[in-house]
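All values below were derived from every heavy atom in this structure, side-chain atoms included, with hydrogens, water molecules and symmetry-related copies excluded. The model shown is predicted, which means the values in this text are computed figures rather than measured ones.
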Protein chains: 2
Amino acid sequence: MTPKKDLSGRRGRGRPQSFDRKEALCAAMRLFWDRGYEGTSFDDLISVMKISASSFYNAFGSKEALYHEVIETYMSVAGGWFLDVLGEDTDTRTVFQDLTTAAAVEFTRADRPAGCMISVAATQCSPNQNRLRDLLASQRTQAEGAMAVRLQQGLEVGDLPSGTDIEALAAFYGSLLRGMAVQARDGASQERLLKIARIGMNAWPKA
Amino acid sequence: MTPKKDLSGRRGRGRPQSFDRKEALCAAMRLFWDRGYEGTSFDDLISVMKISASSFYNAFGSKEALYHEVIETYMSVAGGWFLDVLGEDTDTRTVFQDLTTAAAVEFTRADRPAGCMISVAATQCSPNQNRLRDLLASQRTQAEGAMAVRLQQGLEVGDLPSGTDIEALAAFYGSLLRGMAVQARDGASQERLLKIARIGMNAWPKA
DNA sequence: GGATTTATGGAGCGATGACACCAAAAAAAG
DNA sequence: CTTTTTTTGGTGTCATCGCTCCATAAATCC
């Protein structure tokens, strides 16, 4: 019988929100991106979001609910390049070349935390956070699935040698991207990542 | 003027330790490996180590000191295969082929947590743990350095085309291994990792 | 205007985190 | 034996965690 509070920030009757929901969400994203879920404390969150504890729960429900929203935001904003590149209208090899070089660039942007928020998140965590870990793992798997789909198209069009193991190739590029994300977190430069990307393309199947 | 308590478990005068230090260390390793530093609570630790809080501090000093010991243990025990393979007396390509396939095997052993404890650790963490994060990052860098050394030897012996960018190649295989470690954590099978390893060897420089 | 609805500020809560203290226990040294 | 040294069990501490409650403020609806 809970009336299911509306958290989406719609305008209506009562007192209006005194902060910008999207801004707060982005601030939270940066912090989660940098420190991970467990490494980000509640107090630090409301501090960078510039809201009070009550406003926080009123607007976002809970730390975990906020994190879910942040992931969605990340996927559509900061991680949007991924699906964009996969959707490019060129041959399959060029798509993956662009994918790896774009990763090198995106993982080392000065205005954002290094690496990919999803790739490096919650590979180890306390048992309380197992649900979150599984969610992130499934996001990673989905990303790989999207690559596999594009590769499959390439196979059908003849961009790849028939008999190519699509799943394996997707897994390879998935591994490479995740590894690059970790390297970026460890401080690797863009040039370094670009070199890795270039070498990674040498593994592209020969005709 | 602190007398610097001896924590190494030597035998001497007083009451003897009622537990096996190495066993406790290995139990701690498994837990840290599985859950990471911040994800592992003190109470869980002393529980799997089967010792009391006092014994814990008496024998290991602190949670962080224990973690450092665990890392050393990991490097010499569970991660020993890495330097072993790098030290193999064969041509450079075979060494790296063995390295990637060994990683696929070691990352998916049924008797241990999946992936590499160092590769997947503390890429995101709270500011309190920045020192630990930097330590782990430097361990990862060192591992890559060891690969670079072996590649350089290969270059000098003629196993690699002259002009090969050694640092970049080491970075590539470093990325690949880290990515494989994350995949393993996400539940990838050994077969899958072996395929990734095989594809990764296609990136090996052509003469 | 008053009633209603929603957001805010501030104080505080229970649980858990890592750790400290101390008296008792168990060994070697004399 | 006594003394000395070290480990152990049990309890307590202090900070932080994520979260809740409540009175008040600010908007809309009638």
Side-chain angles (χ1 to χ4, degrees), chain A residues 2-25 28 31-32 35-70 125-129 131-132, chain B residues 2-25 28 31-32 35-70 125-129 131-132:
Chain A
T2 38
K4 254 168 218 161
K5 213 173 165 329
D6 182 7
L7 301 173
S8 59
R10 58 104 207 69
R11 299 311 324 272
R13 206 108 106 111
R15 175 173 173 174
Q17 269 179 345
S18 64
F19 61 94
D20 184 62
R21 203 169 188 282
K22 283 198 173 181
E23 262 181 40
L25 209 50
L31 207 61
F32 276 133
R35 305 184 179 179
Y37 181 76
E38 294 189 292
T40 303
S41 83
F42 184 80
D43 289 348
D44 289 341
L45 270 177
I46 63 175
S47 167
V48 301
M49 297 170 82
K50 288 168 190 157
I51 60 178
S52 69
S54 348
S55 299
F56 179 93
Y57 281 98
N58 183 55
F60 299 103
S62 73
K63 186 187 171 185
E64 185 172 349
L66 171 65
Y67 192 70
H68 283 106
E69 262 194 78
V70 162
C125 65
S126 88
N128 309 328
Q129 257 55 56
R131 275 183 41 217
L132 223 58
Chain B
T2 38
K4 254 170 218 161
K5 212 170 168 326
D6 182 5
L7 302 173
S8 60
R10 55 113 208 65
R11 298 311 325 272
R13 206 111 105 107
R15 175 171 173 174
Q17 270 179 345
S18 64
F19 61 92
D20 183 60
R21 204 169 186 284
K22 284 197 173 180
E23 263 182 40
L25 209 50
L31 207 59
F32 275 134
R35 305 183 181 181
Y37 181 76
E38 294 189 292
T40 304
S41 83
F42 184 81
D43 289 348
D44 289 340
L45 270 177
I46 63 176
S47 167
V48 301
M49 297 170 82
K50 286 166 191 158
I51 59 179
S52 70
S54 349
S55 299
F56 179 92
Y57 282 99
N58 183 55
F60 299 102
S62 72
K63 185 186 170 186
E64 185 172 350
L66 171 66
Y67 192 70
H68 283 108
E69 262 195 77
V70 161
C125 66
S126 89
N128 310 327
Q129 256 56 56
R131 277 183 41 217
L132 223 59

Check nucleotides 20-22 of chain D for protein N or O atoms closer than 3.5 Å to its own N or O atoms and list the pairs.
none

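- Computed from coordinates, the A/Gln129 CD to C/dG17 P distance equals 12 Å when rounded to whole Å.
- For B/Phe60 and D/dT7, the CZ to P distance is 11 Å, given to the nearest whole Å.
- Counting only distance, with no hydrogens or angles, the side chain of B/Lys63 and the backbone of B/Thr40 share a donor-acceptor pair below 3.5 Å.
- For the pair B/Asn58 CG and D/dG10 C1', the interatomic distance rounds to 15 Å; values are reported in whole Å.
- Taking only side-chain nitrogens and oxygens, B/Ser18 never comes nearer than 4.0 Å to OP1 or OP2 of D/dT7.
- The two residues A/Met49 and A/Ala28 come nearest to each other via the heavy atoms SD-CB, 4.0 Å.
- One interatomic measurement links the two molecules: CD1 of B/Ile46 to P of D/dG9, which rounds to 10 Å at whole-angstrom precision.
- Looking at heavy atoms from C-beta onward, A/Phe60 lies out of side-chain contact with A/Leu45 at the 4.5 angstrom threshold.
- The CG-P distance, from B/Leu132 to C/dA18, rounds to 13 Å in whole Å.
- Rounded to an integer number of Å, the gap from A/Leu31 CG to D/dG18 P is 11 Å.
- Rounded to whole Å, the distance from CG on B/Asn128 to P on C/dC19 is 12 Å.
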Checklist entry - Going through the distances and angles, do B/Leu66 and B/Leu25 end up as a side-chain contact (heavy atoms from CB on, under 4.5 Å)? => result CA-CA 8 Å; B/Leu66 171 66; B/Leu25 209 50; 3.5 Å; yes
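- Rounded to an integer number of Å, the gap from B/Met49 CE to D/dT7 C1' is 15 Å.
- Residue A/Thr40 is classed as a sugar-phosphate contact, given heavy-atom separations below 4.0 Å to backbone atoms only.
- The residue among A/Ser52 and B/Lys63 whose nearest nucleotide of DNA chain C lies closer to the 5′ end is A/Ser52.
- Comparing C/dT8, C/dT4, C/dA18 by their nearest atom to the side chain of A/Phe19 picks out C/dT8.
- The minimum heavy-atom distance linking A/Ser62 with A/Tyr57 is given by the pair CA-CE2, 3.7 Å.
- One finds a side-chain N or O of B/Ser55 lying less than 4.0 angstrom from the OP1 or OP2 phosphate oxygen of D/dT8.
- Look at B/Arg21 and B/Glu69 and you find a salt bridge, because one of the NZ, NE, NH1 or NH2 atoms lies within 4.0 Å of a carboxylate O, short of that distance.
- For A/Gln17, whose side chain is taken as the heavy atoms from C-beta onward, the closest listed nucleotide among C/dA26, C/dA18, C/dA7 is C/dA7.
- Put simply, the side chain of A/Arg15 and the base of D/dA25 share a donor and an acceptor less than 3.5 Å apart.
- Ring pair A/Phe32/A/Tyr37 is parallel by interplanar angle, where below 30° counts as parallel and above 60° as perpendicular.
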